[in-house]
Amino acid sequence: MSIPSEKPTVRWHIGAFLAPAVLIYTAVMILPLFGTLQLSFFRMIDREAVFVGLENFRTLFFDPRWSASFWNALGNNTWFFIIHMLVQNPIGILLAAILSSPRLRLASAYRTAIFIPTILSFVIVGFGWKLILSPIWGVAPSILDAVGLKMLFAPWLGKEEYALTTLSLISVWQFVGIPMMLIYAALLSIPDDIIEAAECDGVTGMSQFWKVKLPLILPSIGIISVLTFVANFNAFDLIYSAQGALAGPNYATDILGTFLYRTFFGFQLQIGDASMGSTIASIMFLIILAGVCFYLFIIQRRLRRYQF
Amino acid sequence: MSIATHSPVRSIAAHAILIAYTAIALFPVLVIVVNSFKTRNAIFRSPLSLPDAETFSLIGYQTVWAQGDFILYFQNSLVVTVASLALVLLFGAMAAFALSEYRFRGNTLMGLYLALGIMIPIRLGTVAILQLMVASGLVNTLTALILVYTAQGLPLAVFILSEFMQQVSKDLKDAGRIDGLSEYHIFFRLVLPLVRPAMATVAVFTMIPIWNDLWFPLILAPAEETKTVTLGAQVFIGQFVTNWNAVLSALSLAILPVLVLYVIFSRQLIRGITAGAVK
């Protein structure tokens, strides 16, 4: 319990402690964020910003020159997210469940090793995998050959129908460490007496995981889901490193981040367009905001938090 | 405690899964590093074998050394990462202290305001950030990157550190106050040393995304003299795309520093993530 220490004097030190963080955060993050939202309502006409209302959004959604790319990027991004939810998070939970079992030898060595891809930069991951999957080099075909599956090999990153899924799986490979660690921490924080009580009642092994531990770590699963959502709808680096700004082949791997980059900065013959860039950024903002609100107001409220 | 539930079969299965996944996690990294020490022919003829006396070659590293300015890139990354990290830790700890220690009007609101940045990525404001940097003449300077990364790191730092600061004993601080210490002294002399483990956790969390970021260097500081390692490696690889020795060596060089740091700090990182979970 803290006792309110109300003093009549002005407590300048509170302001002094808060000021640097609040100033930098406001100036470099919050104001530009709103600046970008604001820019999406303007368009440059004859070097002057003119207020056009929702015209930019209409262009993005309905103008055939923009809408095809936009819906393509949004669809791809959604698929990117679905793969993460279906592959990354279950694998992370499985690994965490195994790692947290008591008396497991070498647990910290496994943990350290499995987390290594997460600390590598996207450039390494993107390009490294590109080389490994390259049909020129032949690392992937020779591995598949070793297990007798050579006929399954295809230049996955170069085929329109496989490229996005392949990149999503590469991203899963890179980030599986994060759900693993968070779930691992949640599993470790379950008190011994609950586990012992379950064991006394004969609930052990798999059924103990499903009936006792899983309900207790649901809040953490909620957190990793929303973290995955935000990270995926904000992704850019991996696609850019592996496939370039054009997100080839034929835009098959284009997601909102790469679409924003191309629009804002321009590429090849197209010149950059700050207002359309802001419009895309605003849409990304709304999508992420919707996801976060859905989590905060719908998911988190339904999950009972267990206080130990 | 029941021994029966930990049968050897179960334990072997657990190890099998973990070994398999560890192999998946490490294999690509190993392939890249191992092949960077081989001759061009050996890279293609037998990508999965270790270099021997005949196939060992440092030609890739020589090309990187001669063509790329990796020392400069490395230095830029180091300056940006260390400076942003220092600012995030100092300012973040100060704000966290204010929020967790004092009751004042708007406390909760301020906490929520700062927490907004945990969920909303700073990248979405890029268009206006670039305009801001152009207007203030900071484009192609490391200062621009440091400012952006400080703003990016602060929300999570404040959030984690204020959780930890609430655990610092109230009696200790009050004892300090009775001894006549100013609030600044209490923060810097009493509280800060006690939350050092939490600071280390925040440091690792903040450092990795800054070191690995490609977006902001690409947009705010793409000039040759301000390139970071991540951007430098990206551009170098783009230029030398057909020179496999050089590309593999550049990738290995980019992996190495992060890996060394990770091995040094991994215990800290894991302890941080599992903080409070120690039984």
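Convention: sequence-line order gives letters A, B, ...; per-chain numbering from 1. Computed from a prediction, not measured in an experiment: that's the story for all the values here.
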Value rounded to 0.5 Å, distance of CG in Leu26(B) from CD1 in Ile114(A): 8.5 Å

Parallel, tilted or perpendicular: ring planes of Tyr184(B) versus His13(A), cut at 30 and 60 degrees: perpendicular

Beyond-backbone contact of Ser241(A) with Leu214(B), side-chain heavy atoms, under 4.5 angstrom: yes

Contacting region of Ile132(A) [heavy-atom separation from chain B under 4.5 Å]: side chain

Heavy-atom contact with chain B under 4.5 Å, split by part of Ile30(A): side chain

Thr263(A), part contacting chain B, at a heavy-atom distance under 4.5 Å: neither

Distance-minimising heavy-atom pair for Trp173(A) and Ala25(B): CZ2-O, 3.1 Å

When Pro28(B), Ala14(B), Ala128(B), Ala13(B) are compared by non-hydrogen pairs under 4.5 Å with chain A, the top option: Pro28(B)

Option in Leu114(B), Thr22(B), Val127(B), Ile120(B) with maximal non-hydrogen atom pairs under 4.5 Å from chain A: Val127(B)

Aromatic plane relationship, Tyr113(B) with Tyr25(A) - under 30° parallel, 30 to 60° tilted, over 60° perpendicular: perpendicular

Spatial distance of atom CG (Leu132(B)) from atom CG (Leu31(A)) [nearest 0.5 Å]: 8.5 Å

Contacting region of Ala16(A) [heavy-atom separation from chain B under 4.5 Å]: both

Per-residue contact mode, Ile19(B) against chain A (heavy atom under 4.5 angstrom): both

Residues, nucleotides or ligands: over 12 heavy atoms within 6.0 Å of Met44(A) CE: yes

Chain B contact via Phe285(A) - side chain, backbone, both or neither, heavy atoms under 4.5 Å: both

Criterion side chain to side chain contact (heavy atoms under 4.5 Å, CB included) on Leu23(A) and Phe91(B), from CA distance to verdict: CA-CA 10 Å; Leu23(A) 283 179; Phe91(B) 296 162; over 6 Å; no

Heavy-atom contact with chain B under 4.5 Å, split by part of Phe236(A): both

Under 4.5 Å from a heavy atom of chain B, the part of Ile91(A) involved: side chain

Choice from Ala113(A), Ala97(A), Ala27(A) maximising heavy atom contacts with chain B below 4.5 Å: Ala113(A)

Part of Leu154(B) lying under 4.5 Å from any heavy atom of chain A: side chain

Intermediate values then yes/no, side chain to side chain contact (heavy atoms under 4.5 Å, CB included), Leu130(B) and Phe265(A): CA-CA 11 Å; Leu130(B) 181 62; Phe265(A) 257 91; 4.2 Å; yes

Which portion of Trp244(B) sits near chain A, non-hydrogen atoms under 4.5 angstrom: side chain

Choice from Gly291(A), Gly35(A), Pro117(A) maximising heavy atom contacts with chain B below 4.5 Å: Pro117(A)

Spatial distance of atom CE (Met94(B)) from atom CD1 (Ile14(A)) [nearest 0.5 Å]: 13.0 Å

Separation of Thr230(B) OG1 from Ile124(A) CD1 (nearest 0.5 Å): 7.5 Å

Greatest number of heavy atom pairs closer than 4.5 Å to chain A - which of Arg123(B), Met110(B), Met119(B): Arg123(B)

Rounded distance (nearest 0.5 Å) linking atom CZ of Phe122(A) with atom CH2 of Trp215(B): 12.5 Å

When Leu39(A), Leu289(A), Leu106(A) are compared by non-hydrogen pairs under 4.5 Å with chain B, the top option: Leu39(A)

CA sep, side-chain torsions, deciding dist, call: Ile129(B), Met29(A), side chain to side chain contact (heavy atoms under 4.5 Å, CB included): CA-CA 8 Å; Ile129(B) 291 177; Met29(A) 177 150 184; over 6 Å; no

Greatest number of heavy atom pairs closer than 4.5 Å to chain B - which of Thr26(A), Asp237(A), Val125(A), Val230(A): Asp237(A)

Closest-packed option against chain A by number of heavy-atom pairs under 4.5 Å, given Thr150(B), Val29(B), Ile24(B): Ile24(B)

Phe104(B) side chain near Leu18(A) side chain, heavy-atom distance below 4.5 Å: yes

Interface moiety of Tyr240(A) toward chain B, non-hydrogen atoms closer than 4.5 Å: both

Largest heavy-atom contact set with chain A, pairs under 4.5 Å, which of Val158(B), Ile208(B), Leu251(B), Val247(B): Leu251(B)

Heavy-atom pair count under 4.5 Å with chain A, highest-scoring of Leu147(B), Leu259(B), Ile32(B), Ile43(B): Ile43(B)

Stepwise side chain to side chain contact (heavy atoms under 4.5 Å, CB included) check, Leu124(B) with Thr36(A): CA-CA 8 Å; Leu124(B) 299 179; Thr36(A) 304; over 6 Å; no

CZ-CD distance between Arg11(A) and Glu183(B), expressed to the nearest 0.5 angstrom: 8.5 Å

Heavy-atom pair count under 4.5 Å with chain B, highest-scoring of Ile280(A), Leu120(A), Val292(A): Leu120(A)

